[in-house]
Amino acid sequence: LVPSRMYSEPLIFKKHEVSL
Amino acid sequence: PQYFVIIGSKDNPVYEAEFTTQQGQLQQGFPQNLKELNPFILHASLDIIEDLQWKINPNSQSGNVSGSGGFLRSRNVANTDNCYLGKVDYFYGLVITAYLTYSGMKLVMVHGNLTGDVQIDDNAVKAFYQEVHELYIKTLMNPFYQINDPITSPAFDSRVRALARKYLN
Amino acid sequence: SLRLAGEDIWKNKTEKVNGELFTLMYGSIVSQLCRDYQRCFPKVNDQLYTMGYNIGVRLIEDFLARTALPRCENMIRTSEVISKCAFKIFLNITPQVSNWSTDKNAFSLVLVENPLSDFVELPMDAMKQLWYSNVLCGVLKGALEMVQLDCDVWFISDVLKGDPQTEIRVKLNRVLKDEIPI
């Protein structure tokens, strides 16, 4: 089983933008 | 002990878990005869939950509901944490609490007590539901997860159990 | 100076959009491709590569217009432009350049963070075969081809598969010469 990373990533405070 | 279920929009179980309590050296769960009844007890409370879900009047006086009433009361009330419905039903000393997500998923829990009447700490239960809601949203963000699919991720299960130990026991 | 230029363009000359929107859109594309190809993941990888290639041959125009960078003298310079300018301007990430070949014609890009794969968990059957972010390889291939660099670009490893890091390999095959019209 590959350990899951997605539950350890913050949902609200994850600010990410990309170029439109 | 508690029996926790996430119920999908088609009344299908998406996730089930039983949380046990520590009694000395032993983990105490529901008695075997009650364990088999838990899904039926939860199922019986779905009508009440759906009634609350679609109730517009925020000042609900009916039934065994404590807490803040209908799901749509945000139209009239300024607070935003209206997903938690509180205690929605009772069954011979067992308490059923519920929480609705914005897409209509129902987080429902049967609270048992091996010694006497059940005492519910609303703040702790609400915090538990909110954290599980956040885990559910992260599950939804996965493009390979379809809505209403069963959640079988061991990471999700272990995190829910950790939250139960933190807030419910 | 490349890093500063990339950051300056990102901050002041780039219109931005919410990263979650981008992540969710790309995720829905990949999951739809998996359904369309009946979970034949090599075909999904090829299709993602083709899509990326079609993006890359056009994206290079936008990149050169924003940066006005001159032609790179060698692959070392090319790798720096890719990691410090290109990835920064478009994805707001700066992969690390590493694992150079002895002839300095091949290098690896190690992506510490990858906005494409946020909140993604691959299903068990996809874990061995699917390169989730393969569109990036296509973009690099197409963009480099338009600046006369015939490169092979492929994934070495991916954290979604349980590898310790996400690594893309870029290898220069030959420098292309413009064909003079008849």
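Every chain is numbered from 1 and lettered A, B, ... according to where its sequence line falls, protein lines coming before strand lines. Computed from heavy atoms alone, side chains included, the values below leave out hydrogens, waters and symmetry copies.
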Just to verify, which of C:Ile93, C:Asn18, C:Thr23 counts as forming a side chain to side chain contact (heavy atoms under 4.5 Å, CB included) with A:His16?
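Per the side chain to side chain contact (heavy atoms under 4.5 Å, CB included) rule, the option paired with A:His16 is C:Ile93, out of C:Ile93, C:Asn18, C:Thr23.
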
Quick one: which of C:Leu21, C:Thr14, C:Ile89, C:Val17 gives a side chain to side chain contact (heavy atoms under 4.5 Å, CB included) with A:Val18?
C:Val17

Measuring only between side-chain heavy atoms, which start at C-beta, is C:Lys16 closer than 4.5 Å to A:Leu20?
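SC-SC contact between C:Lys16 and A:Leu20 ruled out.
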
Pairwise distance CD(C:Glu113) to CD(A:Glu9) - rounded to 0.5 angstrom:
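Atom-to-atom, C:Glu113:CD and A:Glu9:CD are 10.0 Å apart.
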
Measure the OG-CZ distance between A:Ser19 and C:Phe22 for me, rounded to the nearest 0.5 Å.
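If I round to the nearest 0.5 Å, the distance is 9.5 Å.
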
Could you tell me whether [X] atom [atom1] has more than 12 heavy atoms of other residues or ligands within 6.0 Å of it?
| X | atom1 | value |
| --- | --- | --- |
| C:Met146 | CE | no |
| C:Arg71 | CZ | no |
| C:Glu15 | CD | no |
| C:Glu61 | CD | no |

Considering all heavy atoms of both residues, which atom of A:Met6 and which atom of C:Phe119 are nearest to each other, and what is their separation?
SD-O, 3.5 Å

